[in-house]
Amino acid sequence: MKIIGIMIAAASMAWGIQASAQDVAPAPIDGVYCADKDTLRVFAARPVKDGLQFAVSLWYPNKANFALMGIARPFMGGWLYTEKADPKLENHCALDMVLSLDGSVILKTHKEADCRVYGGYGATLTSVVFKPETKEGPVRDELNSMENFMKRSCAHKN
């Protein structure tokens with residue numbers, strides 16, 4: 001049943017269908033994922049009482065960085081982080097997080113709330129996939145502070 005729920009949630013996000021948080025229980029995401037090929041991509045997440053604590057950082061070849069940390073809530077079989085940084089719509093942030101059937105973690109911002117306020121020098125996150133082989137282990141102290149998280153580097157290139 002959980003697999004069907006994940007498929008429905010992924011399709012719903014792709015097609016923009018709205019659903020309530022009670023529709024499908026989210027798949028747990030737990031661990032540190034790291035990929036360092038063209039762009040250094042790091043993602044860490046662990047379940048907490050009120051949702052999913054997470055952080056994501058993308059370092060681009062031009063040294064631009066996108067970094068965000070927060071608590072996501074269950075939504076449509078996945079997790080949703082939302083924030084209204086200020087009254088300007090372009091500064092709003094909505095980030096979906098889903099564990100796919102193959103074990104990949106998929107992060108995707110919403111077109112109307114793309115979290116651009118968290119990117120320097122034009123760095124953005126539109127859609128990022130962390131394949132299962134990029135999981136490097138459990139969260140240790142990475143989510144204790146943004147400083148700890150930003151010190152994290154990849155153990156291997158992939």
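Position 1 is the first residue of the sequence; numbering continues from there.
The residue from Thr134, Val56, Ile29, Val98 that alone fulfils the side-chain contact (heavy atoms from CB on, under 4.5 Å) condition with Val105 is Ile29.
A salt bridge is defined here as a Lys NZ or Arg NE, NH1 or NH2 lying under 4.0 Å from an Asp or Glu carboxylate O, and Glu142 with Arg46 fails to meet this definition.
Across every non-hydrogen atom of Ala64 and Asn62, the tightest pair is N-OD1, 3.0 Å. What you find for Ala72 and Met97 is that their closest heavy atoms are CB-CE, 3.4 Å. Heavy atoms only, all atoms of each residue included: Cys154 and Ala35 are closest at SG-N, 3.6 Å. The shortest heavy-atom contact between Pro26 and Gly78 is CB-O, 3.2 Å. Residue Cys115 comes nearest to Ala94 through the heavy atom pair SG-N, 3.5 Å, listed as atom of the first residue, atom of the second, then distance.
In this view, Asp30 satisfies the side chain to side chain donor-acceptor pair (under 3.5 Å) rule with no residue, not counting sequence neighbours. Taking the side chain to side chain donor-acceptor pair (under 3.5 Å) definition, one finds that Asp141 meets it with nothing, sequence neighbours left out. The ring-ring contact (aromatic ring centres under 6.0 Å, His included) check on Phe54 picks up Tyr81, with sequence neighbours excluded. Take Lys151 and apply the salt bridge (charged side-chain N to carboxylate O under 4.0 Å, His left out) test, not counting sequence neighbours, and it matches Glu147.
Cluster note: Leu40 groups with Val32, Val42, Trp59, Met69, Val139, Leu143, Met146, Phe149, Met150 through ILVMFWY side-chain heavy atoms spaced under 4.5 Å, whether in direct contact or through intervening members.
Between the CZ atom of Phe66 and the CG atom of Asp114 there is a distance of 8.5 Å, given to the nearest 0.5 Å. In this structure, NE2 in His110 is found 9.0 Å from SG in Cys93, a value given to the nearest 0.5 Å. Considering CG of Asp102 and NZ of Lys131, their distance stands at 5.0 Å, rounded to 0.5 Å. Rounding to the nearest 0.5 Å places CG of Leu52 at 7.5 Å from CD1 of Ile71. Within the model, atoms OH of Tyr118 and CG of Leu58 stand 14.5 Å from one another, a figure rounded to the nearest 0.5 Å. For the atom pair CZ of Arg152 and CZ of Phe43, the computed distance is 13.0 Å after rounding to the nearest 0.5 Å.
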Dump the intermediate steps for side-chain hydrogen bond (donor to acceptor under 3.5 Å, both in side chains) on Glu133 and Tyr33, then the final yes or no.
-> CA-CA 8 Å; Glu133 59 269 17; Tyr33 297 78; over 6 Å; no
Worked check of side chain to side chain contact (heavy atoms under 4.5 Å, CB included) between Asp96 and Leu107 | CA-CA 6 Å; Asp96 289 310; Leu107 309 178; over 6 Å; no
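Both Val117 and Tyr60 are part of a single hydrophobic cluster, where members link through side-chain heavy atoms under 4.5 Å apart.
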Return a table of donor-acceptor pairs under 3.5 angstrom between the side chains of residues 122-130 and protein atoms on other chains or two or more places apart.
none

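The local environment of CZ in Arg73 is crowded, with over 12 non-hydrogen atoms from other residues, nucleotides or ligands closer than 6.0 Å.
Under the 3.5 Å distance criterion, the side-chain polar atoms of Trp79 are matched with a main-chain donor or acceptor of Ala27.
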